[in-house]
Visitor: 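Quick one: structure below, then a few questions.
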Amino acid sequence: MTGIGARARLVREAPDAVAGETSTWFDRDHFLSTFTAAARALGKAPLALRADERDALEAALGARAAEGWRLDELGRVTLLALVSRRLPEMEVESLLWTCYQQGDSRERQALLRALPLVTGAERSLPLAIDACRTNELPVFEAIACENRYPAAYFPELNFNQMVLKAMFMGVALARIVGLERRRTSELARMAEDFASERRAAGRSVPADIGLLTPEHEHERATRIPE
C-alpha cells in the first residue's frame with residue numbers, strides 16, 4: 001500500500017477504531033491492540049508528506065517534528081489525539097500510562113510526540129517527566145526534541161534537568177523547542193557547573209553550551225545587523 005493510500009485509510013478508519021457511537025463508550029482492550037498493531041497495519045515507510053500535509057502537522061505540533069516520521073508513528077499519534085477528544089481526561093491519563101508502560105520503544109516515541117495534541121495534556125506531566133529519565137536516546141529525543149510539550153508544561157527544575165541531560169547525551173540544544181524563552185540564570189549556572197565537571201574529568205564540552213549562557217544572549221542582542 002502506498003503512503004497516500006495508508007494515510008487515507010487511517011483517516012477513514014481511525015474514529016471507528018477508538019470509539020463507539022457515544023463519547024461514553026470505549027473498548028480499552030481494542031484500542032490497545034490497535035495501537036500496538038499500527039506497525040503491522042500501516043508499515044514503517046517514511047511519510048512522504050505533501051507540503052500542505054507537512055505544514056498542517058508541524059503547525060499542530062508547534063515544531064518541525066514531522067521530519068523522519070514513519071507511517072506507524074503517524075497512525076499512533078492520530079489514534080491518541082482522536083481518543084483524547086472522546087474520553088474523560090482522567091481515563092485518557094490512565095490510558096497513556098498503560099500505553100507507555102506496556103509499549104516498546106517505537107510505541108513510546110509515538111506517545112510522547114502525541115502529547116501536544118492530547119486533550120488535557122497537562123495531566124500527562126508526570127509521564128513526560130518520567131520519560132526524561134530514560135537512557136534510550138530515541139525515546140528521550142521524542143520528548144526533548146522537536147516537541148513543544150516540555151517548554152509548555154515542565155516546571156523550571158524539570159526543564160533544566162532535561163536540557164542538561166540533552167547535553168550529556170549529545171543532543172543538539174537547537175532541537176529543544178522553546179529553549180530561548182525558558183532559559184534562565186539558574187540554567188546558565190547549571191550549564192557552567194556541567195562544563196566545569198567535564199573539563200575537570202578531561203572530557204569535551206558540548207560546542208553549543210553557549211546557547212545557555214548570558215554571554216550568548218548579550219552577543220545576540222548587541223550583534224550589528226549585516
Visitor: Taking only residues at least two apart or on different chains, which pairs with a member in residues 171-193 satisfy ring-ring contact (aromatic ring centres under 6.0 Å, His included)?
Guide: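 Qualifying pairs: none.
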Visitor: Report, one line per pair, each donor and acceptor closer than 3.5 Å where one atom sits in a side chain of residues 195-206; sequence neighbours left out.
Guide:
unit_1 : atom_1 : unit_2 : atom_2 : d
S196   : OG     : E192   : O      : 3.0
R198   : NE     : S204   : O      : 2.9
R198   : NH2    : S204   : O      : 3.1

Visitor: Return the set of residues passing salt bridge (Lys or Arg N to Asp or Glu O under 4.0 Å) with E136 (not counting sequence neighbours), or none when no residue passes.
Guide: none
Visitor: Hydrophobic cluster membership, with links at side-chain heavy-atom distances under 4.5 Å among I/L/V/M/F/W/Y: are F168 and I129 in one?
Guide: yes
Visitor: Quick check for you: to the nearest 0.5 Å, what is the distance between L187 atom CG and Q161 atom CD?
Guide: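 Interatomic distance, L187 CG to Q161 CD, rounded to 0.5 Å: 11.0 Å.
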Visitor: Going by side chain to side chain donor-acceptor pair (under 3.5 Å), name the residues that satisfy it together with T184, two or more places apart in sequence or in a different chain.
Guide: E156
Visitor: Might you point out which heavy atoms bring A128 and L115 nearest each other, and give the distance in Å?
Guide: CB-CD1, 3.9 Å
Visitor: Taking the side chain as every heavy atom from C-beta outward, state whether R123 and M90 have any atom pair closer than 4.5 Å.
Guide: yes
Visitor: State which residues pass side chain to side chain contact (heavy atoms under 4.5 Å, CB included) with L164; sequence neighbours excluded, sorted by chain then number.
Guide: M167, M190, F194
Visitor: When rounded to the nearest 0.5 angstrom, what is the spacing between CG in L79 and OG in S84?
Guide: 11.0 Å
Visitor: Can you tell me how far the CG atom of L127 sits from the CD atom of Q101, to the nearest 0.5 Å?
Guide: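 Nearest 0.5 Å value for the CG-CD distance: 8.0 Å.
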Visitor: Quick check against the 3.5 Å criterion: does S33 have a side-chain atom that pairs as donor or acceptor with the backbone of H30?
Guide: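 Yes, S33 side chain to H30 backbone: donor-acceptor pair under 3.5 Å.
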Visitor: Roughly how far apart are W69 CH2 and L74 CG, rounded to 0.5 Å?
Guide: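 One finds 6.5 Å between CH2 of W69 and CG of L74.
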Visitor: Do NZ/NE/NH1/NH2 and the carboxylate oxygens of R50 and E53 come within less than 4.0 Å?
Guide: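 Counted as a salt bridge, because a side-chain N and a carboxylate O are separated by less than 4.0 Å.
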Visitor: Going by salt bridge (Lys or Arg N to Asp or Glu O under 4.0 Å), name the residues that satisfy it together with D104, two or more places apart in sequence or in a different chain.
Guide: none
Visitor: When you measure from the side chain of N147 to the backbone N and O of L112, does any donor-acceptor pair fall under 3.5 Å?
Guide: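 Side chain of N147 to backbone of L112, a donor-acceptor pair under 3.5 Å: yes, one is there.
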Visitor: Going by heavy atoms in the side chains, are L49 and D55 under 4.5 Å from each other?
Guide: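 No, too far: nothing below the 4.5 Å cut-off.
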Visitor: Quick one: does L117's side chain get under 4.5 Å of L80's, heavy atoms only?
Guide: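 Side chain of L117 against side chain of L80, heavy atoms only: no contact under 4.5 Å found.
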Visitor: Among residues two or more places apart or on two chains, list those pairs meeting ring-ring contact (aromatic ring centres under 6.0 Å, His included) that have a residue in residues 113-151.
Guide: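 Listed by first then second residue: Y149-Y153.
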Visitor: Taking side chain to side chain donor-acceptor pair (under 3.5 Å) as the test, write out the residues that go with E122, two or more places apart.
Guide: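 None.
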Visitor: Roughly how far, to the nearest 0.5 Å, is the CD atom of Q109 from the CD1 atom of I143?
Guide: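 That separation rounds to 12.0 Å.
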Visitor: How far apart are the closest heavy atoms of L173 and L211, and which atoms are they?
Guide: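 Nearest pair, atom of L173 first, then L211: CB-CD1, 3.9 Å.
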Visitor: Tell me the side chain to side chain donor-acceptor pair (under 3.5 Å) pairs involving residues 125-135, sequence neighbours left out?
Guide: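 Pairs touching residues 125-135 that pass the test: D130-R133.
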Visitor: Can a donor-acceptor pair be found, under 3.5 Å and without considering hydrogens, that links the side chain of T98 to the backbone of S94?
Guide: yes
Visitor: For R106, check salt bridge (Lys or Arg N to Asp or Glu O under 4.0 Å) against everything at least two apart and list the hits.
Guide: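 Scan of R106 (salt bridge (Lys or Arg N to Asp or Glu O under 4.0 Å), adjacent residues dropped) gives D72.
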Visitor: Using a 3.5 Å distance criterion without hydrogens, assess whether the side chain of R175 forms a donor-acceptor pair with backbone atoms of E146.
Guide: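 No, the answer is negative, given that no donor and acceptor are paired below the 3.5 Å cut-off.
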Visitor: Heavy atoms only: give me the nearest V92-T119 pair and the separation to one decimal.
Guide: CG1-O, 4.5 Å
Visitor: Closest heavy-atom contact between C99 and F31?
Guide: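 Of all heavy-atom pairs spanning C99 and F31, the closest is SG-CE2, 3.9 Å.
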Visitor: According to side chain to side chain donor-acceptor pair (under 3.5 Å), who are the partners of D193, at least two apart in sequence or on a separate chain?
Guide: R189
Visitor: Can you name the nearest heavy-atom pair linking A110 to R76, along with the distance?
Guide: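 Reported closest heavy-atom pair: CB-CB, 3.7 Å.
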Visitor: With heavy-atom distances below 4.5 Å as the criterion, would you say the side chains of F35 and E107 are in contact?
Guide: yes
Visitor: Quick one: side chain to side chain donor-acceptor pair (under 3.5 Å) pairs with a partner in residues 162-172, sequence neighbours left out?
Guide: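 As it turns out, there is no side chain to side chain donor-acceptor pair (under 3.5 Å) pair with a partner in residues 162-172 once direct neighbours are skipped.
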Visitor: Starting from L212, can I reach M169 by hopping between I/L/V/M/F/W/Y residues whose side chains sit under 4.5 Å apart?
Guide: yes
Visitor: Do I176 and M162 come close enough that some side-chain heavy atom pair is under 4.5 Å?
Guide: yes
Visitor: What's the shortest heavy-atom distance between C132 and F154, and which atoms?
Guide: SG-CE2, 3.7 Å
Visitor: Could you grab the distance from atom CD of E73 to atom OG1 of T78, nearest 0.5 Å is fine?
Guide: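 Those atoms lie 10.5 Å apart.
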